[in-house]
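These numbers were taken from a predicted model, which means no experiment stands behind them.
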Amino acid sequence: MIRTQLKKALECCFSDGVSEGLWSDKAAGKFTVELPKHEGQGDFSTNFALVLAGIEKKNPREIAALISAKLEQVTDLVEHVEIAGPGFVNIFINQQVWRNLIPEIIDAGGDFGKSEIGRNRKVMVEFVSANPTGPLSVGHGRQAILGDSIARLLEVTGHDVFREYYYNDAGRQMRVLGESTRARYLELIGADFQFPDDGYQGQYIIDIAQSLVDEHGDALKDHEDVSPFKDQAEKAIFKDISGTLARIGIVFDNYYNEQSLYENGHIDDVVSELRKKGLVYEKDGATWFKTTELGQEQDRVIIKSSGEPTYRLPDIAYHREKFRRDFDWLIDVFGSDHIATVPDVLSGVKALGYDSDKVTVVLHQFVTLTRDGKQIKMSTRKANFVTVDELLDEVGVDPVRFFFMMRKADSQLEFDLELATKKSQENPVYYVQYGYARLCAIMRQAEEKGVAIPKFEDVDSLLLVEPEELKLLKTMSSFPRVLENAALELAPHKVIFYLMELAGQLHSYYNKHKVLTENEPLSKARLCLIMALQVVVKNGLEMAGLSAPKQM
């Protein structure tokens with residue numbers, strides 16, 4: 001908003017200087033307008049003079065002086081300009097410009113912060129993609145919320161977003177799932193059974209087996225084919241996964257079935273195409289992908305000597321199908337255990353003639369649960385890992401979503417269970433949501449006292465002079481840019497950081513200044529500020545998939 005207007009004013013100054021012969025046009029588009037790192041260095045700072053001086057071989061402070069004089073002439077945004085250091089131009093914005101943001105924010109309402117930077121750009125976000133072999137673990141939970149948050153940010157910045165879940169319903173893992181369920185079924189009916197050495201443990205397998213007993217009795221006891229056991233388990237587990245995702249507000253546009261890659265001949269076709277390009281060979285009974293010719297350190301097996309494909313091959317075929325659906329940007333959200341396979345899949349995509357630069361992979365680190373500063377292993381009735389449902393049962397949806405977004409994806413995430421359940425301002429999600437509840441309480445108090453809700457044009461905005469008020473306005477003005485940066489960088493934690501910063505300023509203001517005072521004009525001006533704050537905090541919470549409670 002204001003930064004964009006200022007950048008345009010500086011570009012106008014630059015063009016004027018070119019027209020007047022003060023400098024050439026070689027520096028066009030090369031300067032930046034940034035927030036200063038320290039207090040007292042203005043509202044914005046530009047390296048305009050330094051960039052220009054480097055190209056033109058002139059004194060940067062002299063150029064800075066020329067720019068400063070021109071800037072104050074071409075725009076009324078600027079209150080004054082200071083030249084600092086070797087030639088930085090620190091720009092102080094007219095205070096009324098900040099105050100005039102209030103009606104813009106209020107009028108925009110739920111649309112404030114949204115933009116169209118992604119207009120006409122089709123994006124697929126693939127995330128979760130957990131195999132239907134068990135309930136979602138907390139690791140899957142982090143990925144689910146990370147992927148969903150990325151999709152939400154892309155949507156509010158104008159991208160055409162498609163959410164997809166790719167699941168493996170083929171291969172060895174699913175066969176083992178069927179064998180595990182069959183063994184538990186036989187155990188329940190009192191028949192001889194042998195549980196697979198690497199079988200799936202947990203009460204959930206017994207529950208699925210019991211459903212087969214309830215439905216078929218012992219009619220399946222001599223059934224050697226594991227298909228009915230596998231199918232029942234897959235159906236029950238996927239229903240469980242879908243229910244968990246629904247609890248945290250996640251809905252997919254499509255579930256892509258790995259088995260279809262085999263049924264539709266895509267797996268064989270990929271191998272054939274790579275073979276034609278001389279990138280496939282046979283060795284030790286296995287089929288190898290010659291990734292060393294594509295910049296990798298070693299070749300990779302794509303079909304084992306048993307004839308079973310490794311996971312790299314269907315992943316390459318799946319990504320080719322993604323490209324065939326004409327997406328402009330493909331985003332994969334994976335756990336960090338995929339780090340070794342990503343280069344091979346991207347090499348395969350590139351070898352097939354597709355632009356691998358259109359694929360962005362977000363790898364997230366694992367989650368550690370702690371209580372009283374100590375790592376814990378929560379007991380679980382379902383498996384030998386902690387499920388998302390158990391975590392939701394203990395702390396609730398908002399803390400789970402907030403805490404999973406609170407760290408960069410590539411940072412280890414320590415989830416403090418005790419902190420997440422606290423109803424105090426120590427808890428960061430409570431701290432932010434309580435800020436919104438406070439704003440709503442102020443508006444209710446105004447109504448109870450018979451104070452009419454003012455319109456901005458009817459108030460004296462010049463009364464908003466406190467440093468805390470101007471700081472709040474400046475922070476609110478940066479909200480659209482925060483969303484844009486968070487979306488383009490696939491970094492939802494930036495929105496959480498922003499909300500925590502804004503909440504901190506809000507609470508400090510509330511503790512220092514009364515909104516409803518004996519001075520009616522001042523009260524009305526501050527109520528307008530509160531209404532603008534309500535819009536920004538609510539939008540930030542909702543865009544992150546969090547609730548905005550009016551009372552706490």
**Asked** Does Asn427 use its side chain to pair, donor to acceptor, with the backbone of Ala420 at less than 3.5 Å?
**Response** yes

**Thr310 side-chain N/O to Val301 backbone N/O, donor-acceptor pair under 3.5 Å** = yes

**Request:** Output yes when Lys408 and Glu489 qualify as a salt bridge under the 4.0 Å nitrogen-oxygen rule, no when they do not.
**Result:** no

**Prompt:** Val349 and Ile316: which non-hydrogen atoms are nearest, and at how many Å?
**Reply:** N-CG2, 4.3 Å

**Prompt:** Ignoring hydrogens and geometry, is there a side-chain-to-backbone donor-acceptor pair from His364 to Leu413 under 3.5 Å?
**Reply:** no

**Message:** Within the 3.5 Å criterion, strictly below it, is a donor on Gln296 or Ser347 matched to an acceptor on the partner's side chain?
**Reply:** yes

**Request:** Could you tell me whether Arg247 and Asp389 make a salt bridge, using a distance below 4.0 angstrom between a side-chain N and a carboxylate O?
**Result:** yes

**Message:** So that I can tick it off, tell me whether Lys290 and Asp299 are bridged by a salt bridge, with the cut-off set at under 4.0 angstrom between side-chain N and carboxylate O.
**Reply:** no

**Prompt:** Between Glu282 and Thr287, is any side-chain donor less than 3.5 angstrom from a side-chain acceptor?
**Reply:** yes

**Prompt:** Salt bridge or not for Arg163 and Asp148, using N-O below 4.0 Å?
**Reply:** yes

**Asked** Do the non-hydrogen side-chain atoms of Ile105 and Met476 ever get within less than 4.5 Å of each other?
**Response** yes

**Prompt:** Are any non-hydrogen side-chain atoms of Met552 and Lys423 less than 4.5 angstrom apart?
**Reply:** no

**Request:** Please state whether the rings of Phe112 and Phe479 are parallel, tilted or perpendicular, taking 30° and 60° as the class boundaries.
**Result:** parallel

**Prompt:** Has Arg324 got more than 12 heavy atoms of other residues, nucleotides or ligands less than 6.0 Å from its CZ?
**Reply:** yes

**Request:** Give the C-alpha distance, both sets of side-chain angles, the deciding distance and a yes or no for side chain to side chain donor-acceptor pair (under 3.5 Å) between Thr157 and His159.
**Result:** CA-CA 6 Å; Thr157 50; His159 296 80; 3.1 Å; yes

**Request:** State plainly whether the residues Glu155 and Arg152 are in salt-bridge range, i.e. N to O under 4.0 Å.
**Result:** no

**Request:** Check the side chains of Asn257 and Tyr166 for a donor-acceptor pair under 3.5 angstrom, ignoring hydrogens and angles.
**Result:** no

**Asked** Below 4.0 angstrom, N of the basic side chain to O of the carboxylate: do Asp315 and Arg320 qualify?
**Response** no

**Prompt:** Ser424 and Tyr430: which non-hydrogen atoms are nearest, and at how many Å?
**Reply:** O-CD2, 3.1 Å

**Request:** Quick one: closest heavy-atom pair of Ile241 and Asn131, and the distance?
**Result:** CD1-O, 4.3 Å

**Message:** Pairing donors with acceptors under 3.5 angstrom, does anything connect the side chains of Ser129 and Glu126?
**Reply:** yes

**Asked** So, Lys474 and Asp43, do they make that salt bridge, N to O below 4.0 Å?
**Response** yes

**Item:** Residue pair Leu330 / Lys358, side-chain heavy-atom distance below 4.5 Å
**Value:** no

**Item:** Heavy-atom pair with the smallest gap, counting every atom of Met406 and Pro428
**Value:** SD-CG, 3.6 Å

**Message:** Can you tell whether the side chains of Lys122 and Asp160 come within less than 4.0 Å, N to carboxylate O?
**Reply:** no

**Prompt:** Given Tyr510 and Gln505, is the side chain to side chain donor-acceptor pair (under 3.5 Å) satisfied, shown in steps?
**Reply:** CA-CA 9 Å; Tyr510 179 89; Gln505 293 177 14; over 6 Å; no

**Message:** Under 3.5 Å, is there a donor on one side chain and an acceptor on the other for Glu484 and Ser115?
**Reply:** yes

**Message:** If you define the side chain from C-beta out and look only at heavy atoms, does anything of Phe402 sit under 4.5 Å from Met500?
**Reply:** yes

**Prompt:** Just one of Val270, Leu294, Val271, Leu313 clears the side-chain contact (heavy atoms from CB on, under 4.5 Å) bar with Phe289, so which one?
**Reply:** Leu294

**Message:** For His493 together with Phe497, are the ring centres under 6.0 Å from each other?
**Reply:** yes

**Message:** Measuring only between side-chain heavy atoms, which start at C-beta, is Phe229 closer than 4.5 Å to Arg184?
**Reply:** no

**Complete:** What one should report as the nearest heavy-atom pair of Val495 and Gly540 is CG1-O, 4.2 Å

**Message:** Just by distance, no angles: are the side chains of His338 and Thr341 close enough, under 3.5 Å, to form a donor-acceptor pair?
**Reply:** no

**Asked** Do Arg182 and Glu179 sit within salt-bridge range, that is, some charged N less than 4.0 Å from a carboxylate O?
**Response** no

**Complete:** The single option from Asp328, Leu154, Thr360 that satisfies side-chain contact (heavy atoms from CB on, under 4.5 Å) with Val123 is Leu154

**Message:** Counting C-beta onward and ignoring hydrogens, is there a side-chain heavy-atom pair between Pro549 and Tyr434 closer than 4.5 Å?
**Reply:** no

**Message:** Is a donor from one side chain sitting under 3.5 angstrom from an acceptor on the other, for Glu468 and Ser508?
**Reply:** no

**Request:** Assess whether salt bridge (Lys or Arg N to Asp or Glu O under 4.0 Å) is satisfied between Glu273 and Lys276, documenting all intermediate values.
**Result:** CA-CA 5 Å; Glu273 285 295 312; Lys276 287 178 185 176; 3.7 Å; yes

**Asked** Under 4.0 Å between a Lys/Arg side-chain N and an Asp/Glu carboxylate O for Glu501 and Lys471?
**Response** no

**Message:** Quick check on ring-ring contact (aromatic ring centres under 6.0 Å, His included): which of Tyr318, Phe127, Tyr255 does Tyr165 satisfy it with?
**Reply:** Tyr255

**Short N-O contact, Arg172 and Glu308, less than 4.0 angstrom** = no

**Prompt:** For Gln365 and Asp410, does a side-chain donor sit closer than 3.5 Å to a side-chain acceptor?
**Reply:** no

**Message:** Does either side chain, that of Ser260 or that of Glu263, offer a donor lying less than 3.5 Å from an acceptor on the other one?
**Reply:** no

**Item:** Backbone N/O of Thr475 and side chain of Tyr498: donor-acceptor pair under 3.5 Å
**Value:** yes

**Close side-chain approach of Leu483 and Met543, heavy atoms under 4.5 Å** = yes

**Message:** Give me the atom names and distance for the closest heavy-atom approach of Ser149 to Met405.
**Reply:** OG-SD, 3.0 Å

